[in-house]
Amino acid sequence: MSFATNVLSRGLATTAWRMAALNHITVIGGGSMGSGIAQVSAQAGYKVTMVDQNDEILNKSCAIINKSLQRVVKKKFADDPSKGEAYISDIMSKISTTTDSSKAVSNTDLVIEAIIENMGIKKKLFSELDKVAKESTIFASNTSSLSISEMAKVTKRPEKFGGLHFFNPVPMMKLVEVVRTSNTNDNTFDTLFDYCKKLGKVPVNCKDTPGFIVNRLLVPYMMEAVRMVERGDASPKDIDTGMKLGAGYPMGPIELADYVGLDVCKFILDGWHEEFPDHPLFVPSPLLNKFVDEGKLGRKTGEGFYKY
Ligand SMILES: CCCCCCCC(=O)CC(=O)SCCNC(=O)CCNC(=O)[C@H](O)C(C)(C)COP(=O)(O)OP(=O)(O)OC[C@H]1O[C@@H](n2cnc3c(N)ncnc32)[C@H](O)[C@@H]1OP(=O)(O)O
Ligand SMILES: NC(=O)C1=CN([C@@H]2O[C@H](COP(=O)(O)OP(=O)(O)OC[C@H]3O[C@@H](n4cnc5c(N)ncnc54)[C@H](O)[C@@H]3O)[C@@H](O)[C@H]2O)C=CC1
């Protein structure tokens with residue numbers, strides 16, 4: 001073996017030693033984010049189980065994935081559209097669904113949680129999963145705003161716990177924030193980082209601070225846009241046009257709030273208000289509350305700031 005090959009193979013061996021092999025992934029929550037995470041994982045060749053509360057929701061999750069894959073194959077097989085259906089069947093065959101999270105995680109390598117943005121509910125889930133998952137299984141949360149360390153505390157595997165914060169729509173957005181707590185070990189972090197690369201994403205290293213990198217900046221920006229509407233300073237359309245044409249964003253902040261889901265926006269804001277009650281940025285928004293009370297959650301319900 002030449003010196004170069006020797007060094008290279010030792011380097012690879014060291015890296016491989018620091019990473020766990022991932023074959024099967026369980027995604028808990030099949031909403032906007034969970035369905036996207038399941039889809040891109042299956043596209044990267046992983047076997048995936050998607051868990052949600054009932055079969056009706058899971059059928060919708062599969063329909064979202066199917067619709068997204070239709071858009072993917074339009075580009076991927078532009079020269080030979082006949083290959084598209086076979087590709088979609090192959091990806092769909094890698095995704096199974098269940099309402100039984102305990103059964104799903106009993107033999108999985110990585111659990112990615114993408115349920116409602118509520119610390120109490122997330123903790124309850126992780127504490128239950130911790131009892132049934134293999135000792136080697138890595139846990140990750142896709143939370144937008146909550147503390148990963150706080151969630152990890154309810155498990156006996158804080159060293160195998162990290163954050164994997166994907167962006168919406170998952171099949172299109174390249175970034176994943178990989179969140180490392182003070183307890184996350186190298187093996188877990190490297191495994192999560194490598195998994196993101198295998199998905200074709202660009203992972204960035206984040207500390208477990210509120211909002212990580214992107215939402216630390218995005219939440220104040222989006223909330224100031226909502227407050228402008230509340231004050232009557234500008235219309236949603238003018239704010240969105242302003243930020244698209246004046247600042248080069250692909251979507252304006254109000255369109256983006258509708259796209260993210262107004263319930264998700266409210267949960268993030270309320271969570272931070274509870275944690276930082278004196279911070280004026282996180283004071284509850286009467287307008288956001290009104291939309292959520294009326295079931296106008298944005299694009300996913302057909303109406304929010306805009307009608308779809
Ligand atoms: C108050 C506090 C709140 C804080 C909230 C924080 C929430 C979080 O924790 C973090 C987040 O995720 S924040 C959201 C981040 N996402 C964004 O900023 C998206 C911004 N929008 C875009 O990039 C484009 O409009 C976008 C890519 C979405 C769509 O592009 P266009 O506008 O050009 O529209 P299209 O022409 O329809 O699409 C362009 C190409 O993309 C393909 N596509 C879109 N959606 C897809 C999907 N779901 N699956 C597969 N393909 C998809 C579409 O087919 C099209 O392809 P081409 O025809 O080849 O161009
Ligand atoms: N919507 C967005 O743009 C983004 C959201 N996130 C985060 O991802 C997570 C999920 O958000 P979305 O997908 O938008 O929400 P969503 O409301 O679209 O989906 C959540 C899903 O979780 C299911 N669920 C709730 N409790 C459950 C439980 N105990 N077991 C199994 N399934 C359960 C619900 O039935 C629902 O289908 C949240 O933590 C959110 O903050 C992160 C990045 C972007």
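Whatever order the structure lists them in is the order used to number ligands and atoms, beginning at 1.
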To check your reading of the model: name the closest protein heavy atom to atom 17 (O) of ligand 2, its residue, and the distance in Å. Lys300 NZ, 3.8 Å

Going by the closest heavy atom to atom 11 (C) of ligand 1, which one wins out of Tyr249, Trp272, Phe167? Phe167

Pull out every atom of ligand 2 sitting under 4.0 Å from any heavy atom of Ile57, numbered as shown with elements. 35 (O), 37 (O)

Side chain, backbone, both or neither: which applies to Ile28 and ligand 2 if a contact is any heavy-atom pair less than 4.0 Å apart? side chain

Return the residue, atom name and 0.1 Å-rounded distance of the protein heavy atom closest to atom 13 (O) of ligand 2. Met33 N, 2.9 Å

For Lys122, the atoms of ligand 2 under 4.0 Å from one of its heavy atoms are 38 (C), 39 (O)

Under 3.5 Å, N or O to N or O, is Glu117 touching ligand 2 that way? yes

Nearest protein heavy-atom contact for atom 5 (C) of ligand 1: which residue, which atom, what distance? Val260 CG1, 3.7 Å

Are Phe126 and Arg157 close enough that some pair of their side-chain heavy atoms sits under 4.5 Å apart? no

Identity and separation of the nearest protein heavy atom to atom 1 (N) of ligand 2: Val260 O, 3.0 Å

Can you confirm whether the side chains of Thr188 and Thr191 place a donor and an acceptor under 3.5 Å from each other? no

For ligand 2, which atoms sit closer than 4.0 Å to a heavy atom of Ser144? 5 (C), 6 (N), 7 (C), 40 (C), 41 (O), 42 (C), 43 (C)

Considering only non-hydrogen protein atoms, determine which one is nearest to atom 24 (C) of ligand 1 and report residue, atom name and distance to 0.1 Å. Pro250 CB, 4.2 Å

Starting from atom 40 (C) of ligand 1, what is the nearest protein heavy atom, named by residue and atom, and what distance separates them? Met172 CE, 4.1 Å

Is the closest side-chain donor-acceptor distance between Ser101 and Glu128 under 3.5 Å? no

Taking 4.0 Å as the limit for heavy-atom contacts, which would you say applies to Asn215 with ligand 1: side chain only, backbone only, both, or neither? side chain

Any side-chain donor-acceptor pair under 3.5 Å between Asp109 and Tyr46? no

Considering non-hydrogen atoms of the protein only, which is the closest contact for atom 59 (O) of ligand 1, and what is the distance? Lys75 CD, 2.8 Å

Identity and distance of the protein heavy atom lying nearest atom 19 (O) of ligand 2: Gly31 CA, 3.3 Å

Looking only at distances, please establish whether an N/O atom of ligand 2 is found under 3.5 Å from an N/O atom of Glu113. no

Please check if a non-hydrogen protein atom sits closer than 4.0 Å to atom 34 (O) of ligand 1. no

Option of least heavy-atom distance to atom 20 (C) of ligand 2 (set: Gly34, Gly29, Ala114): Ala114

Among non-hydrogen protein atoms, atom 3 (O) of ligand 2 lies closest to Asn168 ND2, 3.1 Å

Report yes or no: does Lys67 have a heavy atom closer than 4.0 Å to ligand 1? no

Any donor-acceptor pair under 3.5 Å from Glu177 side chain to Phe212 backbone: no

Atom 18 (O) of ligand 2: the protein heavy-atom neighbour that sits closest, reported with distance to 0.1 Å: Ser32 N, 3.0 Å

Heavy-atom nearest neighbour in the protein, as seen from atom 25 (O) of ligand 1, with distance rounded to 0.1 Å: Met251 CE, 3.6 Å

Protein contact for atom 18 (O) of ligand 1 (heavy atom, distance under 4.0 Å): yes

Of all protein heavy atoms, the one nearest atom 48 (N) of ligand 1 is Pro169 CB, 3.8 Å

Output yes when Glu150 and Lys123 qualify as a salt bridge under the 4.0 Å nitrogen-oxygen rule, no when they do not. yes

Does Lys60 pair with Asp52 as a salt bridge, N-O distance under 4.0 Å? no

Under a 4.5 Å cut-off applied to non-hydrogen side-chain atoms, are Asn107 and His24 in contact? no

In terms of side-chain heavy atoms, does Ser149 have a donor or acceptor partner in Asp208 at a distance below 3.5 Å? yes

Region of Phe167 that comes within reach of ligand 2 [heavy atoms, distance under 4.0 Å]: neither

Per-residue contact class, Val264 against ligand 1 - non-hydrogen pairs under 4.0 Å: neither

Sub-4.0 Å protein heavy atom next to atom 54 (O) of ligand 1: yes

Which atoms of ligand 2 sit under 4.0 Å from any heavy atom of Phe166? 43 (C)

Between the side chains of Lys266 and Asn289, does any donor sit under 3.5 Å from an acceptor? yes

Ignoring hydrogens, tell whether any protein atom lies closer than 4.0 Å to atom 29 (C) of ligand 1; use the non-hydrogen atoms only. no

Record the part of Lys74 in heavy-atom contact with ligand 1 below 4.0 Å; permitted values are side chain, backbone, both and neither. neither

Would Arg180 and Asp186 pass as an ion pair if we require N to O under 4.0 Å? yes

Does Tyr259, backbone or side chain, put an N or O under 3.5 Å from an N or O of ligand 1? no

Applying a 4.0 Å heavy-atom criterion (strictly less than), which segment of Asp52 is in contact with ligand 2: side chain, backbone, both, or neither? both

Among Glu177, Gln53, Glu56, His165, which one has a heavy atom closest to atom 24 (N) of ligand 2? Gln53

Given Leu218, Val72, Asn168, which one has a non-hydrogen atom that is nearest to atom 13 (S) of ligand 1? Leu218

Can you figure out which of Ile268, Thr143, Asn142, Ile115 has its heavy atom closest to atom 38 (C) of ligand 2? Ile115

Would you name the heavy atoms of Glu117 and Thr143 that are closest together and state the gap between them? OE2-OG1, 2.8 Å

Identify the closest protein heavy atom to atom 49 (N) of ligand 1: which residue and atom is it, and at what distance? Ser68 OG, 2.7 Å

Among all the protein's non-hydrogen atoms, which is closest to atom 14 (O) of ligand 2, and how far away is it? Val264 CG2, 3.6 Å

Is it true that Ser127 and Asp130 share a donor-acceptor pair across their side chains at a distance under 3.5 Å? no

A student comparing Arg71, Glu224, Glu177, Met223 should find that the heavy atom closest to atom 1 (C) of ligand 1 comes from Met223

